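All figures in this text were calculated on a predicted structure; none of them were measured in a lab.
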Amino acid sequence: MDTAETVPDTWRPGRAVAIVPTLVAALATVWATSVPGWYLMWLALIANVWVFIGLIWLLTLGRMLFRREPLARLRREWPVWSLPPLIVLLVCGLLYVGAPLEARFALSRPALDGRAQAISHGTPLPADDEWIGLFPVERAERIPGGVRFAIDGTGFLGTTGFAWSPEGEPPEPEGEDLYEHWHGPWYLWSESD
C-alpha cells in the first residue's frame, strides 16, 4: 500500500514563506504607527515591503490559477492566497481606528500620568532618551500649566509627542506648536522646526 496517497499534505515550507513575511510586515506596521506622528522613515521602508509582498502574492495566485485543476488547488492551498489579504484588511482596520497608538498609550498611561504629575510638583525633568512606559522620550519640558514629552524618532519635519495639561489646551507660542485633545488631560502635540 502506498502511504504517500493516504497522508494529507497539510504543511509545506512554501505556505510559511507566503504567510510569515505578511505577519512580520503587519507587526512592523502596527509598531510604526503606535506613536504620535508615526515612525515615518520606518513606514517608508515597510511600504516597500508591502509592495513586494503584494507582487509575490499576485504571482503565487496566478501560478495556482494557471496550473492543472486551479479550483482544486485554490481550495487545497487557501492559506497561501487568502490569509495575506485578510491580514492586510485587519491592519488597515486597526490603523483606521487608531488602535496601535491607543493600545500603546493605554499601556503607558500610568507611567506617563505619574511622571507628568511628579514633574508638575517640582520633580526634575527626566533625562533625555529615557523610556516612560512604552515610549522612548527624546526630551521633556515644562510648559505653562503642564508638561510635554517629545517621542524619539517620530514626525517628519518636526517633533511629535504628548502634552499633559490638566487646565485645558496648552498655549501655542507663536503658532509653532499644535495640540489635539487626546484623553483626559492629555494632548497629542506636534512642533514644527
Side-chain angles (χ1 to χ4, degrees), residues 22-54 87-193:
T22 306
L23 288 173
V24 170
L27 291 173
T29 302
V30 167
W31 168 79
T33 58
S34 67
V35 293
W38 298 357
Y39 291 125
L40 294 177
M41 299 308 267
W42 280 106
L43 277 177
L45 175 67
I46 295 166
N48 290 318
V49 172
W50 279 118
V51 168
F52 180 74
I53 289 170
I87 292 169
V88 168
L89 287 174
L90 176 65
V91 169
C92 289
L94 291 172
L95 295 181
Y96 181 74
V97 299
L101 178 58
E102 288 278 354
R104 194 167 179 176
F105 181 80
L107 292 170
S108 300
R109 181 135 188 208
L112 287 165
D113 281 340
R115 187 59 67 93
Q117 289 172 359
I119 291 170
S120 72
H121 289 98
T123 300
L125 294 170
D128 290 349
D129 300 321
E130 181 179 320
W131 285 78
I132 299 176
L134 298 174
F135 292 104
V137 175
E138 181 180 323
R139 73 178 191 276
E141 50 195 38
R142 288 183 176 87
I143 56 174
V147 179
R148 63 184 180 190
F149 301 103
I151 306 301
D152 191 29
T154 60
F156 183 65
L157 297 175
T159 303
T160 60
F162 297 106
W164 180 80
S165 181
E167 298 170 5
E169 185 170 334
E172 298 176 16
E174 302 175 20
E176 294 177 6
D177 298 327
L178 300 174
Y179 296 96
E180 177 186 341
H181 186 257
W182 184 238
H183 294 291
W186 288 99
Y187 293 80
L188 297 176
W189 160 60
S190 61
E191 169 186 70
S192 60
D193 287 334

Asker: Rounded to the nearest 0.5 Å, what separation is found between the CG atom of Leu27 and the OG1 atom of Thr22?
Answerer: 11.0 Å

Asker: Checking Ala26 now: which residues fulfil side-chain contact (heavy atoms from CB on, under 4.5 Å) with it, not counting sequence neighbours?
Answerer: Trp50, Ile87, Val91

Asker: Provide the closest heavy-atom pair for Leu107 versus Pro110 in the form atom of the first, atom of the second, distance.
Answerer: O-CD, 3.9 Å

Asker: Looking at residues at least two apart in the chain, or sitting in another chain, which of them share a side chain to side chain donor-acceptor pair (under 3.5 Å) with Thr160?
Answerer: Thr154

Asker: Mind checking side chain to side chain donor-acceptor pair (under 3.5 Å) for Ser34 and listing every partner two or more places apart, or none if nothing turns up?
Answerer: Arg104

Asker: Can you name the residues that form a salt bridge (charged side-chain N to carboxylate O under 4.0 Å, His left out) with Glu130, not counting sequence neighbours?
Answerer: Arg115

Asker: Which distance, rounded to the nearest 0.5 Å, do you find between the CD of Glu102 and the CG of Leu94?
Answerer: 12.0 Å

Asker: To the nearest 0.5 Å, how far apart are CE in Met41 and CD1 in Ile46?
Answerer: 12.5 Å

Asker: Does the side chain of Asp177 reach to within under 4.5 Å of the side chain of Pro170, using non-hydrogen atoms?
Answerer: no

Asker: Are Arg148 and Arg142 close enough, and set up right, to give a side-chain contact (heavy atoms from CB on, under 4.5 Å), and what steps lead you there?
Answerer: CA-CA 6 Å; Arg148 63 184 180 190; Arg142 288 183 176 87; over 6 Å; no

Asker: Looking at side-chain heavy atoms only, is the closest gap between Val137 and Asp152 below 4.5 Å?
Answerer: no

Asker: Between CG of Leu43 and OH of Tyr39, what distance do you get to the nearest 0.5 Å?
Answerer: 11.0 Å

Asker: Rounded to the nearest 0.5 Å, how far apart are CD1 of Ile53 and CG of Asn48?
Answerer: 11.0 Å

Asker: Could you walk me through whether Glu169 and Tyr187 pass side-chain contact (heavy atoms from CB on, under 4.5 Å), step by step?
Answerer: CA-CA 8 Å; Glu169 185 170 334; Tyr187 293 80; 3.9 Å; yes

Asker: Got Pro100 and Leu95 here, is their nearest side-chain heavy-atom distance under 4.5 Å?
Answerer: yes

Asker: If we ignore hydrogens and angles and just use 3.5 Å, is the side chain of Ser108 paired with the main-chain N or O of Phe105 as donor and acceptor?
Answerer: no

Asker: Which heavy-atom pair separates Pro166 from Gly145 by the least distance, and what is that distance?
Answerer: CD-O, 3.4 Å

Asker: For Arg109, give me all partners under side chain to side chain donor-acceptor pair (under 3.5 Å), at least two apart in sequence or on another chain.
Answerer: Asp113

Asker: Can you list the residues that meet the side-chain contact (heavy atoms from CB on, under 4.5 Å) rule with Ala150, with sequence neighbours excluded?
Answerer: Glu138, Arg139, Thr159, Trp189

Asker: Measure the shortest side-chain to side-chain distance between Pro144 and Pro171 over non-hydrogen atoms and say whether it is less than 4.5 angstrom.
Answerer: yes

Asker: Step by step, work out the side-chain contact (heavy atoms from CB on, under 4.5 Å) result for Glu141 and Phe149.
Answerer: CA-CA 7 Å; Glu141 50 195 38; Phe149 301 103; over 6 Å; no

Asker: Please name the pair of heavy atoms, one in Leu134 and one in Pro136, separated by the smallest distance, quoted to 0.1 Å.
Answerer: O-CD, 3.8 Å

Asker: Yes or no on side-chain contact (heavy atoms from CB on, under 4.5 Å) for Phe162 and Ile132, after CA distance, side-chain angles and deciding distance?
Answerer: CA-CA 12 Å; Phe162 297 106; Ile132 299 176; over 6 Å; no

Asker: So, for Ala116 and Val147, which heavy atoms are closest and what is the spacing to 0.1 Å?
Answerer: O-CG2, 3.9 Å

Asker: Taking the side chain as everything from C-beta on, heavy atoms only, tell me whether Leu101 gets closer than 4.5 Å to Thr33.
Answerer: no

